[in-house]
Amino acid sequence: MLLTISTTHDPATDLGHLLHKHPLRVQEEVLWFGKVRIFYPEASKQRCTAAVVLDVDPIGLVRGRRRSAGDGTLGQYVNDRPYAASSFLSVAISRVLGTALAGRSKERPELVERALPFEAKLAVVRCRGGDELVRRLFEPLGYRVETVRHPLDEAFPDWGEGPYFTVRLAGEVRLKDLLSHLYVLVPVLDDSKHYFVGEDEVEKLLGKGTGWLETHPAQELIARRYLRHQHSLAQEALRRLVEDEGPDPDREHEAGQEEESAIEERLNLNEQRLAAVLSALKTAQARSVLDLGCGEGKLLRMLLMDRAFERILGVDVSSRALAIAKKRLHWERMPPRQRERIQLQLGALTYRDERLAGFDAAAVVEVIEHLDRHRLAAFERVVFEFARPRCIVLTTPNVEYNVRFEWLEPGKLRHRDHQFEWTRAEFHDWSEGTARRFDYRVERLPVGPDDPETGPPTQMAIFTRS
Ligand code: SAH
């Protein structure tokens, strides 16, 4: 099992100080399931790579233990444990790189808090869920992800692809965050823990997830898989993740928000929506983006992680929402280069605001349904006439889909704050009319499963200035 961590930070050999492992020595440690070695295949000022090689001993693992039900004898001896990254790698990380994982460095304490250019490569990962899952887990954390899928057997190409991938992650992160991400997410990819999952696993998950799991869009999947599908433990972890966000005075709005997300949760709609919006913004090659009604900053976070977006402005009428967004974005300790790219602003979208002009694109995600109908015309002018970016990506619920939400009372809207929810025909008419009036072209796309009867849960319109 092989993990390499490289950096091009100058001088790259600082990696040795950060990992507490000397670049000129091979270090070895014996753990209960095998041996772990750390050494540096390259260590120059320009680039330095540390390799963590874990030799799992599959025979030693089963020797002297009772055979577990359903696990055939052969399977105990012939398996992928020696090669494929799994929870054993997490254990090895915490054992041999524990100091770096905890964010301590005697010689370079100032570097611990700095995001540096890192690249991590997992030579082989067995990933139930494919390339898509790898991206879903690592991209929201700001990594560029590359995967190579391996054939089942190179000698027999007809057998097709196997479940094994090589995964490369690149990004500007703090080393302790990179190690925490790997610690939690490698077992999530592998989805089968090889050791007992108990209460203290919840502590491990919350401890290592501090600062990123609270806002990760795939938080639920991560908790469920990390805790190996133990429903009660996953529930407890999720509850505590939410509690950690702190008490909330704006009960009314938030209660509504929770209802809405509970209703939409099983579809994972929020994630799909943000991914669709992000992809539309990228297709438009936008470099400066307005997030109008940015709320608690989920999209802002994704925009910030993608360096293609050079200037980002989030606007919301709720100071409470902006405060939460700041907290989620770790505003206070944001590296200066990121901080230069983003601004947050309190403001209503129904009043003309000069600061909104001059952007390539605007995202208006799940916002218009919160506006009074009679304020809609003012909103249209503010966005389409005065801000006038060349691309506007807007989403809103499709009310026809509501019958598919089992938990939603018939006739009720998804959120108590919603002033209206439109049918597909209503959205069609509004978007066509608005495009015509302000000289934009418009294209509508479904987000979420496109039900043959009701259409998709979310409707998205992409307006492009003619
Ligand atoms: N776009 C975010 C939030 C959607 S919730 C997301 O997808 O997660 C709707 C947001 O619109 C809320 O944060 C609310 O405060 C904001 N909002 C409602 N009316 C507004 C107005 N007139 N001007 C600016 N923001 C508004």
Side-chain angles (χ1 to χ4, degrees), residues 140 214-219 245 248-265 267-281 289-304 312-329 342-353 355-356 359 361-384 386-387 392-398 413-422 447-448 457-461:
E214 301 91 333
T215 52
H216 196 295
Q219 178 189 86
E245 295 274 286
D248 206 327
D250 198 351
R251 286 274 166 231
E252 186 73 350
H253 177 76
E254 218 125 285
Q257 207 77 295
E258 261 165 42
E259 275 165 29
E260 186 178 20
S261 37
I263 289 164
E264 293 185 340
E265 195 167 57
L267 287 174
N268 210 345
L269 194 51
N270 194 264
E271 248 180 79
Q272 291 183 42
R273 190 157 49 216
L274 293 174
V277 171
L278 194 68
S279 138
L281 293 171
V289 180
L290 291 165
D291 185 1
L292 303 176
C294 61
E296 295 168 7
K298 289 194 194 118
L299 180 63
L300 292 175
R301 204 174 131 88
M302 293 166 80
L303 292 170
L304 203 54
I312 303 160
L313 174 59
V315 181
D316 204 288
V317 77
S318 154
S319 54
R320 167 89 196 141
L322 290 180
I324 297 177
K326 280 198 171 167
K327 193 169 159 207
R328 290 199 165 179
L329 293 167
I342 184 163
Q343 280 185 298
L344 292 181
Q345 182 178 303
L346 191 66
L349 300 175
T350 42
Y351 292 91
R352 183 174 180 175
D353 186 337
R355 292 169 296 182
L356 305 188
F359 283 81
V364 194
V365 182
E366 306 295 285
V367 174
I368 57 167
E369 62 278 7
H370 291 265
L371 305 176
D372 273 345
R373 270 177 197 272
H374 71 273
R375 306 293 294 149
L376 209 52
F379 161 82
E380 288 161 16
R381 290 196 69 195
V382 168
V383 177
F384 289 82
F386 301 126
I392 298 166
V393 185
L394 183 145
T395 74
T396 193
N398 164 23
L413 301 182
R414 291 180 208 180
H415 189 301
R416 58 179 80 163
D417 248 19
H418 287 182
Q419 304 299 310
F420 57 86
E421 283 175 0
W422 278 333
V447 179
T458 297
Q459 13 196 12
M460 176 165 81

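Just follow the structure's listing: the first ligand is 1, and inside any ligand the first atom is 1. Just the heavy atoms: all of them, side chains too, but no hydrogens, waters or symmetry mates, feed the values below.
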Report, in ascending order of atom number, the atoms of ligand 1 lying under 4.0 Å from any heavy atom of H370.
5 (S), 9 (C), 18 (C)

Could you check whether any side-chain N or O of Q419 sits under 3.5 Å from a backbone N or O of D417, counting only pairs where one atom can act as donor and the other as acceptor?
yes

Work out which heavy atom in E271 is nearest to a heavy atom in P217; give both atom names and the distance.
OE2-O, 2.6 Å

Using the side-chain contact (heavy atoms from CB on, under 4.5 Å) criterion, which residues pair with L346? Sequence neighbours excluded.
S319, L322

At under 4.0 Å between heavy atoms, what of L371 touches ligand 1? The answer is side chain

Given D372, L322, V317, I368, which one has a non-hydrogen atom that is nearest to atom 20 (C) of ligand 1?
V317

Within a distance under 4.0 Å of any heavy atom of G347, pick out the atoms of ligand 1 and give their elements.
23 (N), 24 (C)

Taking distance alone, with no angle check, do K298 and ligand 1 share an N/O pair under 3.5 Å?
no

Per-atom contacts of ligand 1 with C294, taking only distances under 4.0 Å to non-hydrogen atoms
2 (C)

Please confirm whether E366 approaches ligand 1 to less than 4.0 Å, judged on its heavy atoms.
yes

Below 3.5 angstrom, do we get any N/O pair linking L292 and ligand 1?
no

Excluding sequence neighbours, so at least two apart, what forms side-chain contact (heavy atoms from CB on, under 4.5 Å) with A348?
V317, T350, Y351

Considering the heavy atoms of V367, write down every atom of ligand 1 situated less than 4.0 Å from one of them.
11 (O)

Can you sort out which atoms of ligand 1 are near S318, meaning under 4.0 Å from one of its heavy atoms?
15 (O)

Test M460 against every option in N398, T396, T395 by the side chain to side chain contact (heavy atoms under 4.5 Å, CB included) rule and name the one that passes.
T395

Of the non-hydrogen atoms in W422 and R373, which two are nearest, and what is the gap between them?
NE1-NH1, 3.8 Å

Please tell me if the side chains of E366 and P397 come closer than 4.5 Å, counting only heavy atoms from C-beta onward.
yes

Okay, side chain of D372, backbone of H374: is any donor-acceptor separation there less than 3.5 Å?
no

Would you check whether A363 reaches within less than 4.0 Å of ligand 1, judged by its heavy atoms?
no

Got an N/O contact under 3.5 Å between A348 and ligand 1?
no

